[in-house]
Amino acid sequence: MKTDFKEEWKHLNQYQMEAVLDESPACVVNANVGSGKTTVLIAKILYLHYEKSVPLEDMVVLTFTNKAADEIISRLRKKEPGLSREQVMGFGTFHSAALHLLKHQLSLEQTGWNREFTVISPDEEADLAAEVIAEQKLTVRYKNRLKKRLEQEYPGYVRGKESSRYRDDLFRLFPLLEEEKKRQNKMSFSDLLRVSAVLLRAGEWHPQWMIVDEVQDSDAQQIEFLEALKGKDTRLFAVGDPNQVIYSWRGTGENMFYLLKHRFAAKELSLPVNYRSSASILEAANRFLQSGAGIQSSRGAGGKIVVKNHYDPFQEAEYLAGRIRALHDAGRAYGEIAVFYRLQKQAELLKKVLERQRIPCEVSVRKTVRDIPVLNWLIKVLRFSVNPADGQMGMEALADPQYGETRTRAKAKKIIREQKWDNVLLYQRMLEFQDQEAWKKDTVPKAAEIFAYFGLREALHPTASAYQEDEKLVLRLLERICGYSREKGCGLIEGTREFVNQSALYGVNLLSADRDMDSAGIENFPGDTVKLMTLHASKGLEFETVFLIGMNQGLIPLHSQSFEQEEEERRLFFVGITRAKDELELSYYTNPGEPGISGEYSRYLRMLPPHLLEWEELRSEGEKRSNLQQLRREVQEQIREKKEQEQKEQEPQKNTAVKYARHPKYGAGILVSEDEMMVEVEFEGYGRKQFLKAFGEVTVEGE
DNA sequence: AAGATCTATCTTTTT
DNA sequence: GATAGATCTT
C-alpha cells in the first residue's frame, strides 16, 4: 500500500518538510514548544518507510519515557492500521530497545549473563547490594541512601576513579555486586544500556536509521548507547527542545541537545512555528526562552493572561471550583481544563474542594502493580519461578509478611540455600514452574489453572478481609500474562519471563489493555475530568484552559540554591505556560500558610510584559465568607483524618520485622496491629482475631 | 551512651 | 540556613 505523500503532507510547513526530507548522516532538530515535533517524527518514519523503502525493522526509534513511545506507536498505527508488533520492535525507550537487543540480537555468551536474564529495578538492586554488604562484611556508609549512592557513584567507578568520596568499601562492592547479579542472572537498568553498548561496539548489528525523540532529556549513558548503536552507514535523526530541560536535577548533565549535536557532528535544523498557543501566551513565553531566536506564532492574539490574587489556598480552590463550573457551563469540556502547581502537596486541598463542589477531577499519579501489595508479591513469585537463580526474589516471595508462607527472612534464606522444598508447597511450585512441559509449548492455560498451580488460594489467606479483592487482582494480572503469552505465541513460561521484565521497565498499568495493542488514551486519564498535576507532569500535554496556582515568591520559583537550579525553575515555568492553548490564568495567595513561602507574588509575574496581563483582585463578600468557614473546617478535618490514616497504614509496613503472637487455642499467628488495649492477630485457618491485652491469652514474640 | 561531626534534604521523578 | 539522620568520637 502506497500513501499519496502530496496529499499526506500538504499540512507540513517548510521547516517541518525540510526536516522530514533531510538525509544528512546526522541531523538534530531544534523543535520549539508546540511546533509539531511528533508530527515530524511520524512523517519522517513514514517517509523513510514508503519513499525510501527503509523497512521499519531497520529503524530504531528511541524515546525517553514509555508514554512517549506509546504515543508514537499509536499515532503510527492510526496512519498504518496493519502495523504488526514485530515491525515496531525497535520502537521504545532506550532501555526497552537495549532489552530487546540483548534478548534477540546480540550474543550474551561472554558477558556472564545468559538470555534468560530478568530485569531488576533500582530498589531491588539496592536490596541485593545490602545482602552482599552483609555477607562480605563490607563497610559501606550511609546505607539508608544506598540506592542513591549506587546510582551516583557508579559512573565514577566505571571511569576508573580510585575510591568513593567517603573512603569506604563502596568501590569494592561494585565488582562483587556485578558478580552476584551475574550469578542470579539479573540486570539493572544501567546494565541493560552498558552491556548492550559494549556488545554493539563489537559490531554485531546496526540499524539503518536511529530516530530519537526528546533528546534533551537523555543522559551520558544513553548518548553512549547511541554511539555504540551507530554503524558506518547508520543515520541519526534526533528531535528535542533545549528550552524544555526540566529534569537535569536527576543527573542529566548540561544541555544534552548540543552535546549530541557536537558528538555526531550533526546538522541543526529548527521548527520555529508554534501551533498550539495564542499569540499573547507565546509572547509571554518568549520572555522565558533561554535559547533560540524566539517562537513564531501562528494564531490570533487571544485574550489577556489573567493574574488573580486570593486570600489563601483554600479560597483559591473555592474560586477555581466556581470558575471551572462556569467554563464547563459555557461549553468547555472538563478534560480541556488543567490546574498546575509546583508541589505535589498542593494537590490535596485542591482535590478535596473540587470534589466537594462536584467537579470531576483527577490528580495525575502513576499507579503500577508495585503499589498494590498483593501484586507486588505475585510478581516476586513469578520472577523467581522464571529465574530460579534469583535467590533474592525467592527469599522475598517466601518471606512476605502478608502473603504466601510468611516465614522470617532468615528461614526463607535457609530454605533457598539448602533447597529444602519438602513441605513448602509454594517453593516447590516455583522451582518446578519451568519444568511444566505443557506450558513450554504454545498452549497457554487459563489464569485459574496457574492460580491453582501455585496454591494461591491458600497463599492469599482466604479468611483475610482483603481476600476477595486480592483474588480478583491476582486473576486479572494472570489473565493478562496469559493473554500476552498467547498473543506472542511463545508459551506461558517464555511469555511470563518477558512480561516480568517488561513490568520492571514499564510498570504495569492495570486499567489499560496491552500497551502495544491499545495504547491510545493511556497517556491521559480516561473520562472527561479536570486534570490536576505538578508543573513537571504537565510536560508534553496541552489544554485549552490552564490555571497555574501558587505564583508566590518562594514557590514559583521554588527557593533554589544555585544558578543552574534557578535556570531550571524558569524553564519549568516556561513549560507550564506553554501548555495553554487559549486561556491562561496565574494566581497567588496573600496568605500561603506555609513557612518559607511569602505572600508576595512571584517575580516571574514582573518579568512578563505588562500589556499582556490583566490583574484582578478578588474580594470575598461577608455572607459567602461564613459559608466558607464551615466548608474550610470540614475539608481541613477530612485532610487531617486522611493523614492520620495514612500514617497508620504506613507504620506496620515500616516495621519490616514481622512480629508473631501465640494463642493457646489458635496457635501461632502474625501480629496485625497492637495498641495499649488490644492486639489483632491473623491465624492461619482462623483469620483475624482481636484480643484484649488484659486477658493475657496472647503472647507477642519478637522474631 | 551521650555528644560531636558529617551529610543530605528542603521540591520535581523516569528507566 | 535550618534540620534530621547517620556515623564517629569520647
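Heavy atoms only: backbone and side chains are in, while hydrogens, waters and symmetry mates are out. Below, chain A is the first sequence line, B the second, and so on; all start at residue 1.
- Of all nucleotides listed (B:dT15, B:dT9, B:dT13), B:dT9 comes nearest to the side chain of A:Lys148.
- Listed candidates were B:dT11, B:dT14, B:dT15. Nearest to the side chain of A:Phe64 is B:dT14.
- For the pair A:Tyr154 OH and B:dT15 C1', the computed distance is 16 Å after rounding to whole Å.
- At the phosphate of B:dT13, OP1 or OP2 sits under 4.0 Å from a side-chain N or O atom of A:Thr534.
- Rounded to a whole Å, the CG atom of A:Leu343 is 17 Å from the P atom of B:dT9.
- The pair A:Lys67-A:Glu71 fails the salt-bridge criterion, with no side-chain N (NZ, NE, NH1 or NH2) lying under 4.0 Å from an Asp/Glu carboxylate O.
- Across the P atoms, B:dT11 and C:dG5 are found 14 Å apart, a figure rounded to whole Å.
- Across the protein-nucleic acid pair, A:Leu558 atom CG and B:dT11 atom C1' stand 5 Å apart, rounded to whole Å.
- Under a 4.0 Å N-O distance rule, the pair A:Lys147/A:Glu125 does not qualify as a salt bridge.
- In this structure, the side-chain contact (heavy atoms from CB on, under 4.5 Å) partners of A:Lys539, at least two apart in sequence or on a different chain, are A:Glu214, A:Gln216, A:Asp217, A:Gln244, A:Ile246, A:Val575.
- Toward the 5' end of DNA chain B, the nearer of the two residues A:His95 and A:Ile246, judged by each one's closest nucleotide, is A:Ile246.
- A straight line from CZ of A:Arg570 to C1' of B:dT12 spans 19 Å, rounded to a whole angstrom.
- Side chain of A:Glu569, nearest nucleotide from B:dT7, B:dT15, B:dT11: B:dT11.
- Considering A:Tyr601, A:Tyr604, A:Tyr341 as possible partners of A:Tyr588, the one that fulfils the ring-ring contact (aromatic ring centres under 6.0 Å, His included) test is A:Tyr601.
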Quick one: which protein N/O atoms are closer than 3.5 Å to N/O atoms of nucleotides 7-10 of chain C? Pair and distance per line, please.
from  : atom 1 : to       : atom 2 : distance (Å)
C:dT7 : OP1    : A:Tyr142 : N      : 3.1

Intra- and inter-strand pairing of DNA chain B, written as dot-bracket with Watson-Crick and G-U pairs under 3.5 Å and | for the latter, reads ||||||||||.....

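- Here B:dT13 presents its C1' atom at 13 Å from CG of A:Asp123, a figure rounded to the nearest Å.
- Distance A:Ile556 CD1 to B:dT12 C1': 12 Å, rounded to the nearest Å.
- Inspection of the A:Gln392 and A:Glu396 side chains reveals an N or O donor paired with an N or O acceptor under 3.5 Å.
- Between the CD atom of A:Glu214 and the P atom of B:dT15 there is a distance of 12 Å, given to the nearest Å.
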TODO: Evaluate the salt bridge (Lys or Arg N to Asp or Glu O under 4.0 Å) criterion for residues A:Arg141 and A:Asp168: first the C-alpha distance (whole Å), next the side-chain angles of each, then the deciding distance (0.1 Å), finally the verdict.
DONE: CA-CA 7 Å; A:Arg141 301 172 72 192; A:Asp168 62 3; 5.6 Å; no

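- Contact annotation: A:Asn66 side-chain N/O to B:dT14 OP1/OP2 distance is not under 4.0 Å.
- The pair A:Asp241-A:Lys37 does not meet the salt-bridge criterion, since no charged nitrogen lies less than 4.0 angstrom from a carboxylate oxygen.
- Within 6.0 Å of atom CD in A:Glu566, more than 12 heavy atoms from other residues, nucleotides or ligands are found, so the atom counts as buried in its surroundings.
- Both A:Ala504 and A:Gln344 lie close to DNA chain B; mapped to their nearest nucleotides by heavy-atom distance, the more 5′-ward contact belongs to A:Gln344.
- Residues A:Glu569 and A:Ile556 fail the side-chain proximity criterion, which asks for heavy atoms closer than 4.5 Å.
- In this structure, CG of A:Asp168 is placed 16 Å from P of C:dA6, rounded to the nearest angstrom.
- A:Glu224 has no carboxylate O lying under 4.0 Å from a charged side-chain N of A:Arg263, or vice versa, which leaves the two without a salt bridge.
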